[in-house]
Each structure stands twice: as structure tokens, then as C-alpha cells.
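Here, residue 1 is the first one in the sequence, and each next residue gets the next number. Side chains included, hydrogens not; waters and symmetry mates left out as well; all remaining heavy atoms used.
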Amino acid sequence: MSYDLAFWYESGSLDAAAAYQKYDAMTDGESGVTVESPRVAEFYRDILKAYQDLTDDTTEEEADQSPWTSSVYFNGECVLVNIAWSRKSEVSDTLIAMAKSRGLVTYDPQRELVVEA
């Protein structure tokens, strides 16, 4: 089981219903859901500095230490993460703070919550 979060740049305010629609499209692999932003790419790099991603080369030991249940998804428009439930508090708080510092929106689909920058 994972705790999922999505991050992207949004120029205006966003309510939970609109954020869910974007999140749903993003998780379906659609592009053009929101604008690409260098802030998103910078945030993605920040994540990979803080937490090793899961790749084909990840060892079993590294995977056991990883906070992820699958690879971090990045397409220029958004970053989608699946956090191991046992590490959700630690990792989600850190990622939300990192996203705010980059001016990104966080959407938490479990709580239907939008955290604006």
C-alpha cells in the first residue's frame, strides 16, 4: 500500500475538485494537463538528491531502504510519488516543504487536500 502525492506548478488558486481532475488525468498519463515549469524539474532533482529513486539497477537492499513503492514519475509538468505507508509522515512532510519552497502545488488524493505554495 502506498501514500500518493502529486506536485505541479499552478499560477492561480485551485480547489480540491479541480486538483483531482488534473491528478486523475496525470495518473492516466495524459500530457498538457498543466504547463511545464523549470520549478517542477528543479523539484524532481531535489527529490532525487534527498531520496534515491527505484530503478532497474536498484539492489534489494536499496529498495528496502527506499521510501518509494515505485519509481518517481516526472514528465516536465508534474511529479507523482508513491510513498511506502510506513514512511508517509516523514517523507510527505519533507516533500510538501520542498514543493512550497519551489512554488509548487501539492495534491494529496487520500485526503482530497490541496496545499498551495
Side-chain angles (χ1 to χ4, degrees):
M1 182 172 212
S2 66
Y3 193 83
D4 306 331
L5 293 173
F7 307 90
W8 67 86
Y9 175 74
E10 192 71 41
S11 60
S13 292
L14 190 70
D15 67 16
Y20 173 77
Q21 288 180 337
K22 288 188 176 199
Y23 171 77
D24 190 44
M26 290 170 183
T27 58
D28 284 344
E30 293 181 27
S31 60
V33 176
T34 189
V35 297
E36 286 193 26
S37 171
R39 295 177 190 202
V40 176
E42 292 163 358
F43 175 67
Y44 176 66
R45 285 191 295 275
D46 291 347
I47 289 174
L48 297 185
K49 285 179 188 173
Y51 305 102
Q52 181 178 347
D53 199 2
L54 296 176
T55 66
D56 291 338
D57 298 328
T58 303
T59 66
E60 189 173 326
E61 184 178 318
E62 290 169 333
D64 288 343
Q65 295 173 6
S66 174
W68 315 124
T69 59
S70 63
S71 295
V72 176
Y73 176 81
F74 165 70
N75 71 352
E77 295 177 19
C78 67
V79 174
L80 306 176
V81 298
N82 307 108
I83 304 165
W85 197 261
S86 62
R87 300 202 47 201
K88 74 178 180 77
S89 296
E90 161 209 350
V91 176
S92 65
D93 289 348
T94 300
L95 294 181
I96 290 168
M98 289 167 60
K100 280 184 173 184
S101 76
R102 292 284 184 195
L104 301 180
V105 166
T106 301
Y107 179 65
D108 178 339
Q110 290 81 201
R111 300 187 306 163
E112 299 179 353
L113 175 71
V114 177
V115 181
E116 294 185 310

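- Using a 4.5 Å cut-off between side-chain heavy atoms of Ile, Leu, Val, Met, Phe, Trp and Tyr, with links allowed through other members, Leu104 and Leu113 fall into different hydrophobic clusters.
- Side-chain contact of Asp108 with Tyr3: a donor-acceptor pair under 3.5 Å is present, judged by distance alone.
- Between Ala99 and Phe7, the shortest heavy-atom distance links the atoms CB-CD2, 3.6 Å.
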- request: Determine, stepwise, if the pair Ser92 / Ile83 fulfils side chain to side chain contact (heavy atoms under 4.5 Å, CB included).
  value: CA-CA 8 Å; Ser92 65; Ile83 304 165; 4.2 Å; yes
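- Linking Ile, Leu, Val, Met, Phe, Trp and Tyr whenever their side-chain heavy atoms come within less than 4.5 Å puts Val91 and Leu54 in one cluster.
- Atom OH of Tyr23 sits about 8.5 Å away from atom CG of Leu5, to the nearest 0.5 Å.
- Remark: Glu116 does not engage Lys100 in a salt bridge, criterion side-chain N to carboxylate O under 4.0 Å.
- Using a 4.5 Å heavy-atom threshold, the side chains of Val79 and Val72 count as touching.
- Closest approach of Met98 and Ile47 over heavy atoms only: CE-N, 3.6 Å.
- Each of Tyr107 and Leu95 belongs to its own hydrophobic cluster when Ile, Leu, Val, Met, Phe, Trp and Tyr are linked at side-chain heavy-atom distances under 4.5 angstrom.
- Atom-to-atom distance recorded for Asp15:CG and Tyr20:OH is 14.0 Å, nearest 0.5 angstrom.
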query: Stepwise, does the side chain to side chain contact (heavy atoms under 4.5 Å, CB included) test hold for Val114 with Thr106?
result: CA-CA 6 Å; Val114 177; Thr106 301; over 6 Å; no
task: Would you please test Glu10 and Lys22 for side chain to side chain contact (heavy atoms under 4.5 Å, CB included) and show each step?
output: CA-CA 11 Å; Glu10 192 71 41; Lys22 288 188 176 199; 2.8 Å; yes
Would you list the atom pairs, donor with acceptor, under 3.5 Å between side chains in residues 28-40 and any protein atom, with sequence neighbours excluded?
unit_1 : atom_1 : unit_2 : atom_2 : d
Thr34  : OG1    : Tyr9   : O      : 3.2
Ser37  : OG     : Arg39  : N      : 3.1

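- No hydrogens or angles considered: a donor-acceptor pair under 3.5 Å links the side chains of Ser70 and Asn82.
- Side chains of Tyr51 and Thr94 form a contact here, defined as non-hydrogen atoms less than 4.5 Å apart.
- With hydrogens and angles ignored, the 3.5 Å screen pairs a side-chain donor or acceptor of Asn75 with a backbone N or O of Cys78.
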message: Set out, in order, the CA-CA distance, both residues' side-chain angles and the distance that settles side chain to side chain contact (heavy atoms under 4.5 Å, CB included) for Asp53 and Phe74, then state yes or no.
response: CA-CA 12 Å; Asp53 199 2; Phe74 165 70; over 6 Å; no
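- Residues satisfying the salt bridge (Lys or Arg N to Asp or Glu O under 4.0 Å) test with Arg87, not counting sequence neighbours, are Glu90.
- Side-chain contact between Ser71 and Tyr73 is absent, with no heavy atoms from C-beta onward closer than 4.5 Å.
- In this structure, Trp8 and Glu77 approach most closely via the heavy-atom pair CB-O, 3.3 Å.
- If you chain together hydrophobic residues whose side chains sit under 4.5 Å apart, Val115 and Phe43 never meet in one group.
- Met26 and Val81 sit in two unconnected hydrophobic clusters of ILVMFWY residues. Membership requires side-chain heavy atoms under 4.5 Å apart, directly or through other members.
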